[in-house]
Amino acid sequence: MKIAFFNPQGNFDKNDSHLTEHPDFGGQLIYVKELAKAMGKFGYKVDIITRKMTDEKWPEFSKDFDYYEDAENVRIVRIEFGGKNFLNKEKLWDFLGEYVKKIYQFYQKERLPDFVTTHYGDGGISGAMFKKLTNIPYSFTAHSLGAQKKDKFKHSKDAEKKYRFSIRISAERCAMKYANFIVASTSQEKQHQYTHNEYLDLYQDIKHKIFVIPPGVNTKIFHIDESDEFKDVFQNKPPIIISSRIDPKKNIEFVIESFENYLKKDYTLILVLRKKTKEYSGYQREIIEKTKKAGGKFLIITSQEKLAKLYNSAAKHNGIFALTSHYEPFGLAIIEAMACGLPVIATKSGGPVEILDNGRYGYLVSTQEEFRKAALDLRKNHQLFSKRSYERVINKYTWEICAKEYLLKIHMHLKSNKNIILPSFFDAQLR
Ligand SMILES: O=c1ccn([C@@H]2O[C@H](COP(=O)(O)OP(=O)(O)O[C@H]3O[C@H](CO)[C@@H](O)[C@H](O)[C@H]3O)[C@@H](O)[C@H]2O)c(=O)[nH]1
Ligand SMILES: O=P(O)(O)OC[C@H]1O[C@](O)(CO)[C@@H](O)[C@@H]1O
């Protein structure tokens with residue numbers, strides 16, 4: 001069986017190039033890569049279909065095909081659409097019809113896929129357009145829905161212009177409506193994110209096909225080992241580690257301010273970067289300046305392997321992993337840190353609530369005072385939470401379990417035909 005993954009934004013290569021250096025290069029790419037590789041290991045042929053660009057700033061993504069060294073059944077297929085230069089995901093909406101038509105042309109030279117998994121609103125609407133052309137079934141995995149982000153930015157005047165929420169939400173709604181099934185990472189996502197006012201009218205018709213399939217963690221990369229490479233960086237104080245895309249929705253300011261106001265004396269704050277501080281600009285630059293002002297430190301870490309070493313080292317020095325996003329649909333970074341035995345303080349919204357099981361496996365906070373208390377409690381019970389964190393992940397979050405669940409649902413949803421009515425913005429692109 002051949003399965004295609006539609007993931008027009010970000011990009012893929014064997015080195016996870018640019019991961020977290022740009023808002024479009026984050027957990028979704030890890031999720032797609034790891035799920036595709038896990039399906040490949042079960043003998044399925046998998047095509048990850050993304051965007052081809054000929055842009056000197058993004059040289060890794062100019063080839064038509066690319067591969068991962070340890071996954072012979074997985075192929076990265078790059079389709080040129082929307083011109084040759086890199087485009088932010090917000091600019092891709094206008095060119096998804098071209099993406100879909102070229103995928104259809106691409107497969108004229110070989111067998112069409114039996115099933116398509118689609119990722120984020122842009123992948124989802126592309127799956128609906130492709131199903132209109134071919135009647136090939138697809139699943140939709142949101143990774144992040146526009147409605148929750150729109151709520152967080154409702155006071156910022158240029159949010160609609162910058163993030164194009166109306167187009168994005170119309171695409172998400174169409175993707176949900178015509179998907180053969182929908183994958184949510186947590187039951188919280190199913191019950192709270194899909195019942196947002198922007199989607200609630202659809203919910204009665206789609207709730208039966210929303211399946212909760214938690215993502216996994218690559219335990220070959222993230223696991224407990226004896227390494228303690230970073231102890232000198234911590235200066236004999238427990239480290240608070242921030243390691244995420246530097247994006248406003250991650251609310252990194254909250255951790256910096258909690259540290260500055262309450263924990264500066266007894267802890268070391270570490271912001272993980274992917275490149276030198278001077279190479280950052282805009283919002284990312286602001287966060288770097290705030291971290292500097294608070295007396296935080298920086299570590300340039302360019303691989304998940306090295307990130308796992310940091311987490312192992314931090315876990316040996318009463319460290320904490322902090323992710324206090326305004327909204328976190330799931331949070332792969334949380335289960336990765338936990339797999340290394342590094343306890344977590346996370347936001348009380350979204351995926352972390354379920355991952356930490358309301359505080360049983362880590363701390364959920366929404367105020368700086370709660371953050372302070374959680375840090376001090378963790379210091380007292382660090383060993384207990386380190387063990388609990390590890391066990392929680394190993395028993396519940398692996399890519400093998402995730403892939404098996406997807407494949408089971410795919411085999412149950414191979415037949416479908418439905419008269420698809422696309423939003424006019426996208427319907428016009430297919431003509
Ligand atoms: O310096 C860093 C920081 C992060 N990462 C990786 O980047 C990924 C971050 O993923 P995640 O923590 O899930 O955050 P997002 O990038 O925001 O991912 C989006 O998509 C994910 C997959 O669906 C969801 O888990 C998130 O909630 C959603 O916001 C992880 O694999 C990290 O290992 C690095 O490699 N280096
Ligand atoms: O912040 P947004 O637009 O909701 O999207 C979340 C972003 O994080 C990612 O995981 C980055 O890979 C993508 O899903 C997306 O670009």
Side-chain angles (χ1 to χ4, degrees), residues 20 222-244 246 250-274 276-277 280 286-302 304-325 331 333-334 336-347 352 356 359 361-390:
T20 76
F222 296 100
H223 54 259
I224 293 177
D225 67 28
E226 291 322 302
S227 62
D228 189 359
E229 295 178 27
F230 293 87
K231 60 177 180 296
D232 299 340
V233 176
F234 306 149
Q235 293 173 323
N236 299 321
K237 290 193 241 177
I240 298 173
I241 308 286
I242 304 172
S243 161
S244 73
I246 305 181
K250 296 294 180 178
N251 192 17
I252 293 172
E253 297 85 342
F254 176 89
V255 182
I256 299 170
E257 286 153 20
S258 302
F259 167 78
E260 201 166 15
N261 296 337
Y262 295 108
L263 302 164
K264 192 169 180 161
K265 200 166 52 57
D266 305 316
Y267 290 80
T268 301
L269 180 68
I270 291 180
L271 178 64
V272 173
L273 300 174
R274 292 273 296 197
K276 291 192 184 67
T277 53
Y280 287 92
E286 283 169 37
I287 289 293
I288 287 168
E289 292 311 318
K290 280 198 172 107
T291 306
K292 250 183 217 159
K293 182 176 144 306
K297 299 166 77 71
F298 304 98
L299 279 175
I300 297 179
I301 293 188
T302 55
Q304 290 192 311
E305 287 75 6
K306 192 54 99 175
L307 202 51
K309 294 294 179 193
L310 171 63
Y311 294 162
N312 266 280
S313 207
K316 292 178 178 68
H317 296 269
N318 284 323
I320 296 165
F321 178 86
L323 184 71
T324 55
S325 316
I334 291 176
E336 291 164 354
M338 291 168 75
C340 297
L342 182 59
V344 166
I345 298 179
T347 181
L356 302 180
Y361 298 100
Y363 285 83
L364 295 163
V365 300
S366 52
T367 67
Q368 290 188 28
E369 176 51 37
E370 285 175 354
F371 191 99
R372 184 189 68 83
K373 188 177 171 314
L376 298 179
D377 285 357
L378 261 181
R379 194 145 182 190
K380 284 200 289 274
N381 311 303
H382 197 274
Q383 198 138 27
L384 169 69
F385 273 94
S386 176
K387 184 168 177 298
R388 271 195 194 162
S389 300
Y390 173 75

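Summarising the local packing, CD of Q383 is surrounded by 12 or fewer heavy atoms from other residues, nucleotides or ligands at distances under 6.0 Å. Atom NZ of K373 sits in a sparse spot, with 12 or fewer heavy atoms from other residues, nucleotides or ligands closer than 6.0 Å. Enclosure of atom CG in N236 is not indicated, since only 12 or fewer non-hydrogen atoms of other residues, nucleotides or ligands lie within 6.0 angstrom. When the shell of 6.0 Å around NZ of K292 is examined, it contains more than 12 heavy atoms from other residues, nucleotides or ligands.
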Verdict with supporting geometry, Y262 and F371, ring-ring contact (aromatic ring centres under 6.0 Å, His included): CA-CA 9 Å; Y262 295 108; F371 191 99; 9.1 Å; no
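Evaluated for a side-chain contact (heavy atoms from CB on, under 4.5 Å) with I240, the options I256, I345, L263 yield exactly one hit, L263. Tested against K293 for a salt bridge (Lys or Arg N to Asp or Glu O under 4.0 Å), the candidates E260, E257, E253, E286 yield a single pass: E260. Of the candidates L342, V233, I241, L310 forms a side-chain contact (heavy atoms from CB on, under 4.5 Å) with just one, namely I241.
With values rounded to the nearest 0.5 angstrom, S258 atom OG is found 10.0 Å from L269 atom CG. Taking CG of N381 as the start and CG of L376 as the end, the distance is 11.0 Å to the nearest 0.5 Å. Between the CD atom in E370 and the CG atom in D377 there is a gap of 11.5 Å [rounded to 0.5 Å]. Rounding to the nearest 0.5 Å gives a distance of 4.0 Å between CD of Q304 and CZ of F222. The distance from atom CG of L307 to atom SG of C340, rounded to the nearest 0.5 Å, is 8.0 Å. For the atom pair OG1 (T20) and CZ (R274), the distance works out to 5.0 Å, reported to the nearest 0.5 Å.
Between F234 and H317, the ring planes are perpendicular. Angles over 60° get that label, and only those under 30° would be called parallel.
In this structure, S389 and V344 have side chains that are not in contact, with every pair of non-hydrogen atoms separated by 4.5 Å or more. The shortest side-chain heavy-atom distance between K306 and L299 does not fall under the 4.5 Å cut-off. P239 has its side chain out of reach of F230: every pair of non-hydrogen atoms, C-beta onward, lies at least 4.5 Å apart. Put simply, the side chain of T347 does not reach to within 4.5 Å of the side chain of F254, judged on heavy atoms.
Taking 4.0 Å as the cut-off between side-chain N and carboxylate O, R372 and E369 count as a salt-bridged pair.
Checking side-chain atoms of Y280 against main-chain N and O of I287 turns up no donor-acceptor pair under 3.5 Å. No side-chain donor-acceptor contact under 3.5 Å links N312 to the backbone of S227.
In this model, a donor atom of one side chain and an acceptor atom of the other lie less than 3.5 Å apart for S313 and D228.
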